[in-house]
There are 2 protein chains.
Amino acid sequence: MTTIKDVAKRAGVHPTVVSRVLNKDQTLKIKDSTRERILETVKELNYFPNRSAQNLKRNETKMLGMVIPDFANPVYSEIIHGAEDQAAKEGYNLMVYSMKQKGTEHNKFSHLIEGRTDGLLIAISESEDQEIVELQESKKPFLLINRMIPGINHYVVLDDEFAGKLATDHLIQLGHRKIAHITGPFDTGTGKTRFNGYKQAMHSNELEILNDYVQESSYSIESGYSAMKKLLALKEPPTAVFAGSILAALGAMRAAYEAGRTIPNDFSLVSIHDVPFADALQPPLTTIKMPLYEMGQEAVKNLVQLIKKDTQSTHLTINGAELIKRNSTAELLSEK
Amino acid sequence: MTTIKDVAKRAGVHPTVVSRVLNKDQTLKIKDSTRERILETVKELNYFPNRSAQNLKRNETKMLGMVIPDFANPVYSEIIHGAEDQAAKEGYNLMVYSMKQKGTEHNKFSHLIEGRTDGLLIAISESEDQEIVELQESKKPFLLINRMIPGINHYVVLDDEFAGKLATDHLIQLGHRKIAHITGPFDTGTGKTRFNGYKQAMHSNELEILNDYVQESSYSIESGYSAMKKLLALKEPPTAVFAGSILAALGAMRAAYEAGRTIPNDFSLVSIHDVPFADALQPPLTTIKMPLYEMGQEAVKNLVQLIKKDTQSTHLTINGAELIKRNSTAELLSEK
DNA sequence: TTGTACGCGTTATCAA
DNA sequence: TTGATAACGCGTACAA
């Protein structure tokens, strides 16, 4: 292993000088000739500073940790992507962790807080509030992504209410009146807030919300499937469905397929989250594209600020949800 | 920040003893009473060893890096999942990196090799052979996942040939004769090998392979889409299609939808990779489930061995591909 | 403009 | 069974 001493010896200078050159210390002056000689030697010996030593000395790792529930959920891909890009811009590295990981630790975040990261992005949407609150005791800076927990005042969320309204309004504008909503879990902020958007759109158009038309799901294919089955079994099934998540929408499409219903002839379907394969579905799915990439970026941006300046609070809502119209929604022609 | 000295002082012992207790050193004996006292103090002060210091001292990070092309590709989710689980079992952490990450570094892996990881899993399937070969100069142990490069003799691959045969045989058994294959890129091992499986199945059933029936894709929805369009435009379109990847299959389904063809009535479709939403597609997609989770596990297992014992070579093929029969494939009833 | 001395927090080795 | 010392590789006051 090549160390800073090797470089120094080869270049005929003291290790300190090498360190200064590599860290681009502006306050000290270094003769151009020695700087060049040192940089050449660095290349020649293929020297990289030992990160562990740097970390120890500087008491920082330039590494951010991100915790997600599951890599298989396509929603997180884009958040990660945005977070990665922004982290690179800010000179940080990103380490992504899935909660599916087995392992018996003190608590679920111990891997990440033991001097391995400078800060954490928590994007888990399951109800592990207790552990998150405990995380506060560790004094490690962290920020919630797409969720809110009482007592924790650093978070970045989407404008889910607007998204819910957008989806519902779209269906209303197509002439639908019997509009159902497959919600997210009511114990999550996103589930509740998207539902609020739905309610607002319905109310401001003086449409009644039937209890039977509101079916809770758990952001999974299976729960979307059974929710849709219940809707299809109603005496008066809805002519349009707003799915609170892409996974629920996939489940709903499957239920429709099995029941022999076709979309959008038998009912229209719009879903939150414009995944890459949305237009490869049959029919191509109308979606609400959420600014997930931007949320990832903003999360990192604000976390880095939190690390550096000890920001008091971060209450950020990312706007920019937009409707992507595809074939799964259509005008309601005849009364059913 | 709580250090080992704080704990030692509080427990009235020397830091060395604390270190021994925490590292469960078996060779040295420690009085039960002091051990208990130390462990209590550790809990009391909520002490965690500083990883940077440990890393520096031990000259290892207990961290593995994994490089994938893109988080959005559902195929990698399961590999990551298996790798994460195995890493946890072996006492390692996993850091996943996407090549989509922007950032101007010496080379693409520099983040990961600068004393930050003990070893690397390279799962990128793009043609960045040059950089990978250069990686060898860094002396950092690494292992290829699902690809082979001449001159690099540590890799874990799937039995893609078997998978190709399995898919094609399934179609043949359903009575199909006009079987097309949307291949992966021919400059990738998986693309070539799956194609070989297809060829073998066709030949051993004395079926001819038409040039027009072999369409190259680049493992993307778009390329699958245009490949399928070409197949549909043929004078004698195939009655069955074997897609070399799930993304290609999605594109193919979209092309069929747009052309007004229905699956499996107009043609059967089978694809490599059993993604979680395969049975939520319309129709539910018959797939070849590849042992991706196991591949992730084995990759980590072998990389750790490579780190520890300097294994000479790792040429591992993971078996266990299986057909998941769903509605997208059906018996060929009448001659077309 | 360059060199010296020290310490970051931990653990391996040796001594007691 | 426990304590003392040194060292991992680096960066930073301070001195020259």
Side-chain angles (χ1 to χ4, degrees), chain A residues 1-39 41-42 45-63 91 110 113-118 138-140, chain B residues 1-39 41-42 45-63 91 113-118 139-140:
Chain A
M1 181 188 200
T2 321
T3 75
I4 202 169
K5 283 183 194 168
D6 301 326
V7 178
K9 200 173 288 177
R10 195 85 130 79
V13 292
H14 196 271
T16 307
V17 189
V18 179
S19 173
R20 281 206 279 268
V21 168
L22 291 176
N23 291 299
K24 302 188 177 83
D25 191 332
Q26 304 295 351
T27 62
L28 283 308
K29 302 271 174 193
I30 289 155
K31 215 196 295 176
D32 279 357
S33 62
T34 48
R35 157 175 285 117
E36 280 171 31
R37 191 153 33 90
I38 288 171
L39 289 176
T41 317
V42 164
L45 298 183
N46 198 29
Y47 165 75
F48 288 107
N50 181 311
R51 296 302 288 256
S52 299
Q54 284 185 326
N55 293 345
L56 176 60
K57 185 66 196 175
R58 295 174 168 158
N59 198 28
E60 64 172 5
T61 63
K62 285 286 174 189
M63 178 100 102
S110 59
I113 60 184
E114 291 170 29
R116 191 153 262 179
T117 57
D118 296 341
S138 78
K139 297 291 171 201
K140 174 76 63 183
Chain B
M1 182 189 200
T2 319
T3 74
I4 202 170
K5 284 182 193 168
D6 301 327
V7 176
K9 200 174 289 178
R10 194 86 130 79
V13 291
H14 196 271
T16 310
V17 189
V18 178
S19 173
R20 281 207 279 268
V21 169
L22 291 176
N23 291 299
K24 302 191 177 81
D25 192 332
Q26 304 296 348
T27 62
L28 283 307
K29 302 271 174 195
I30 289 155
K31 215 198 292 175
D32 279 356
S33 62
T34 49
R35 157 174 285 114
E36 280 171 32
R37 190 151 35 88
I38 289 170
L39 290 175
T41 317
V42 164
L45 299 183
N46 198 30
Y47 165 76
F48 289 106
N50 180 312
R51 295 302 287 256
S52 298
Q54 283 185 327
N55 293 346
L56 176 60
K57 186 67 194 171
R58 295 175 169 156
N59 198 26
E60 63 172 9
T61 64
K62 286 288 175 185
M63 178 100 101
I113 60 183
E114 290 170 27
R116 191 152 261 180
T117 57
D118 295 341
K139 297 291 171 201
K140 174 77 61 182

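Lettering of chains follows the sequences in order, A, B, ..., and the numbering in each one begins at 1. Heavy-atom basis, side chains included; hydrogens, waters and symmetry copies ignored.
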* To do: Ignoring backbone atoms, test whether B:Ser52 places a side-chain nitrogen or oxygen under 4.0 Å from the OP1 or OP2 oxygen of C:dT10.
  => no
* Expressed in angstrom and rounded to an integer, what is the separation of A:Ile4 atom CD1 from C:dA5 atom C1'? -> 15 Å
* Structure fact -> B:Ile38 CD1 to C:dT11 P, in whole Å, measures 13 Å
* Apply side-chain hydrogen bond (donor to acceptor under 3.5 Å, both in side chains) to A:Thr61 and list each qualifying residue two or more places apart in sequence or on a separate chain. => A:Asp118
* To do: Round to the nearest Å and state the distance from A:Asn59 atom CG to D:dG9 atom C1'.
  => 16 Å
* Asked: How many Å lie between CD on B:Gln54 and C1' on D:dG9, as a whole number?
  -> 16 Å
* Within the structure, does a side-chain N or O atom of A:Tyr47 lie under 4.0 Å from either OP1 or OP2 of D:dG9? -> no
* Terminal helix-axis angle for the helix from C:dT1-D:dA16 to C:dA16-D:dT1, with five pairs defining each axis and rounding to 10 degrees -> 40°
* Structure fact -> Applying side chain to side chain contact (heavy atoms under 4.5 Å, CB included) to A:Lys31 and not counting sequence neighbours gives A:Ser33, A:Thr34
* Structure fact -> Hits for salt bridge (charged side-chain N to carboxylate O under 4.0 Å, His left out) against B:Arg10, two or more places apart or cross-chain, chain-then-number order -> B:Glu44
* Structure fact -> In short, A:Ala53 meets B:Leu56 closest at the heavy-atom pair CB-CD1, 3.8 Å
* Asked: Rounded to whole angstrom units, what separation is found between the CD atom of A:Glu60 and the P atom of D:dT12?
  -> 10 Å
Polar atom pairs (N or O), protein with nucleotides 4-8 of chain D, under 3.5 Å:
| unit_1 | atom_1 | unit_2 | atom_2 | d |
| --- | --- | --- | --- | --- |
| D:dA4 | N6 | B:Thr16 | OG1 | 3.1 |
| D:dA7 | N3 | B:Lys57 | NZ | 2.9 |

* In whole angstroms, how far is the C1' atom of D:dC10 from the NZ atom of A:Lys62? -> 16 Å
* Which atom names give the shortest non-hydrogen contact between A:Ile30 and A:Val21, and what distance separates them? -> CD1-CG2, 3.8 Å
* Asked: What is the distance, rounded to the nearest whole Å, between atom CZ of B:Arg35 and atom C1' of D:dT2?
  -> 13 Å
* Least distance between heavy atoms, B:Leu22 atom then B:Tyr47 atom -> CD1-CE2, 3.5 Å
* Asked: For B:Thr16, which residues count as a side-chain hydrogen bond (donor to acceptor under 3.5 Å, both in side chains) partner, sequence neighbours excluded?
  -> B:His14
* **Main-chain N/O of B:Ala11 paired with B:Arg37 side-chain donor or acceptor, under 3.5 Å** => yes
* To do: For A:Phe48 and D:dC10, give me the distance from atom CZ to atom C1', rounded to whole Å.
  => 17 Å
* Should A:Gln54 and A:Lys62 be marked as a side-chain contact (heavy atoms from CB on, under 4.5 Å) after you check the CA-CA gap, both sets of side-chain angles, and the distance that decides it? -> CA-CA 10 Å; A:Gln54 284 185 326; A:Lys62 285 286 174 189; over 6 Å; no
* State whether A:Asn23 places a side-chain N or O below 4.0 Å from either non-bridging phosphate oxygen (OP1 or OP2) of D:dG11. => yes
